[in-house]
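One structure is given here, and the rest of the page talks about it.
None of these values were measured; they are calculated from a predicted model. Order of the sequence lines fixes the chain letters, A, B, ..., with proteins taken first and strands second; residue numbering starts at 1 for each chain.
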Amino acid sequence: MKWFAANARDLPWRRDHSAYRVWVSEIMCQQTQVATVLPYFERFLEAYPTIANLAAADEAELMRMWEGLGYYRRARSLHAAAQKIVAEHDGNFPTSFDDVLALPGIGRYTAGAILSISRNEAFPILEGNTQRVFSRWIGLNVPPTERESQARLWEFSELMLPRRSADDRTRGPAGFNQAAMELGALVCSPRNPKCDECPVASLCHANLFGLQDEIPGKISKVQYESRTEIAAVFRVDDKVLVRTLPKGVRFAGMVDFPREGPPVASDLAGMESWLAVQLGVEVQLGMKLKTIKHAVTRYRMTLQVHAAHLGVGQMDAGEAAASTVASSIALPEGWQWATLDELEAMPMSVTGRKIVGLLKDAQPSLFG
DNA sequence: AATACGGGGAC
DNA sequence: GTCCCAGTATT
């Protein structure tokens, strides 16, 4: 049985499997397809070639690097973990399982993955791919997310793990764990698995009994939620009004246009009231610039992007008047006027970035 | 045990 | 539209 034959892709963290590189790759790959990660990984390692570089990274620059990958807590945890490694491990990635597990953003899967892939040590793994591969292999007819299934799958993952000398990476734990995941990604796919190409087809319960479509059972039970939000674009001279989100909230440390949904802004009037409170002046929402549809995690968002104007009647009062009002406002903590060029260097949500793109092409006359 | 995570790809 | 992705932290 040649597991390692499934280990076919040329991935950058295989060419050089230092613990740091494998760690970064594993964090990026959490809930993210490998192909999506590749360009981010190369850029990231170029910007932060060592753990010390990462620990010393500017937080905003780090978030900008992560922009578009989603699950942004991963980036904050990565940063915090790098600082912890510098403080507690002299800048060297820890080698004991417990020390690795104690790092923020690292759970049982990631700790095992890093130590097995980087050091070829015999730690089992279990993630999306191997849950499916092993479930089919052993004919587990209980959904893999159940507590009992998890226990059996971890047990099987450990049972199958080859114990080889540490210099035999291809046939050792490093090769096996990566091959098992790759088998799930390329062959043992959720739908229409390619059993005729599978190296373990002759041993696989699901294949032998034709249960590929029943195993694993449906995992998804997400309730999608439609949500409409309003974004306000104040554009005065060559600048727009944005805010940096504070710690502890969604998009913490990232920059966004003023944006709210229900219950704060259930309609344009609600948004105007909220903005007026924030800025201490009357606000009028004007022309709708764009409707952005954005599906993310369990949300199906419709974002109404409106031009916005400071002060009553300023829509028709001309640019000089708007500029005067803008400069008289005491902005709340975290809010600022920024040019579109300046925004290029700041971390934004995907929808925020789309609004920037919109404004680059927009006619300034839309903003009076 | 259930939920949040505010991104994206494949079908 | 739906499901899933080299999961973890929080409640």
Side-chain angles (χ1 to χ4, degrees), chain A residues 6-7 9 11 13-14 22-41 63 66-78 80-81 101-114 116-118 124-133 143-148 150 157 174 176-186 188-192 213 216-227 229 231 245 248-252 254 256 259-261 292-303 347-354:
Chain A
N7 207 329
R9 286 192 285 194
L11 301 176
W13 49 90
R14 287 183 182 163
V22 173
W23 170 39
V24 172
S25 79
E26 286 303 333
I27 302 299
M28 286 187 172
C29 283
Q30 287 172 4
Q31 294 294 286
T32 308
Q33 294 179 3
V34 168
T36 305
V37 164
L38 294 177
Y40 284 90
F41 180 83
M63 296 306 287
W66 206 268
E67 185 182 303
L69 261 186
Y71 300 101
Y72 296 101
R73 185 175 56 192
R74 293 183 296 173
R76 297 183 206 106
S77 298
L78 202 59
L101 191 61
L103 296 171
I106 295 184
R108 184 177 178 186
Y109 160 75
T110 304
I114 294 171
S116 63
I117 295 171
S118 69
I125 58 161
L126 189 65
E127 39 66 76
N129 289 305
T130 40
Q131 265 180 204
R132 183 174 56 255
V133 171
T145 46
E146 300 284 316
R147 183 183 191 79
E148 184 187 329
Q150 286 287 302
S157 181
F176 177 84
N177 282 346
Q178 292 183 87
M181 291 190 279
E182 195 148 317
L183 189 64
L186 302 181
C188 192
S189 43
R191 277 159 300 193
N192 306 318
D213 293 336
K218 274 205 190 345
I219 297 171
S220 176
K221 42 186 166 183
V222 291
Q223 290 286 319
Y224 294 107
E225 181 180 332
S226 294
R227 192 175 162 82
E229 297 181 350
L245 282 302
V249 307
R250 195 176 61 219
F251 295 133
M254 301 177 81
D256 199 8
R259 167 150 77 102
E260 291 293 330
I292 295 175
K293 297 264 189 191
H294 184 58
V296 61
T297 62
R298 69 184 193 87
Y299 296 98
R300 297 296 173 264
M301 188 167 50
T302 303
L303 183 60
M348 303 189 83
S349 68
V350 163
T351 48
R353 189 63 66 195
K354 282 182 182 172

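- A residue-by-residue look at A:W13 and A:L101 shows that A:W13 has its nearest nucleotide of DNA chain C further toward the 5' end.
- The residue A:E229 sits close to a base: some heavy atom pair falls under 4.0 Å.
- In this structure, A:R300 and A:K293 have side chains that are not in contact, with every pair of non-hydrogen atoms separated by 4.5 Å or more.
- Between A:R147 and B:dA1 there is a side-chain polar atom (N or O) within less than 4.0 angstrom of OP1 or OP2.
- Looking at heavy-atom distances under 4.0 Å, A:I27 makes no contact with the nucleic acid at all.
- Shown here are the salt bridge (charged side-chain N to carboxylate O under 4.0 Å, His left out) partners of A:R353, two or more places apart in sequence or in another chain: A:E67.
- Within the 4.0 angstrom heavy-atom criterion, base atoms lie near A:M301.
- When heavy atoms are screened at a 4.0 angstrom cut-off, A:T36 is found touching the sugar-phosphate backbone but no base atom.
- A:Y224 comes within 4.0 angstrom of a base, heavy atoms only.
- For A:E225, the side-chain hydrogen bond (donor to acceptor under 3.5 Å, both in side chains) test picks out A:R298, with sequence neighbours left out.
- When heavy atoms are screened at a 4.0 angstrom cut-off, A:I114 is found touching no nucleic acid atom at all.
- Bounding nucleotides for the chain A contact on DNA chain C, 5' to 3', at a heavy-atom distance below 4.0 Å, are C:dT2 to C:dA9.
- Neither OP1 nor OP2 of B:dG8 sits under 4.0 Å from any side-chain N or O of A:Y71.
- Between A:G105 and A:G184, it is A:G184 whose nearest contact on DNA chain C lies nearer the 5' terminus.
- Using a 4.0 Å heavy-atom cutoff across all strands shown, A:E127 reaches sugar-phosphate atoms only and no base atom.
- The P atoms of B:dG8 and C:dA9 are separated by 23 Å, rounded to the nearest whole Å.
- In this structure, A:Y40 has its ring center at least 6.0 angstrom away from the ring center of A:W66.
- Residue whose closest nucleotide on DNA chain B sits further toward the 5' end, between A:V296 and A:R191: A:V296.
- Residues A:L11 and A:L38 are in side-chain contact: their nearest non-hydrogen atoms beyond the backbone lie under 4.5 Å apart.
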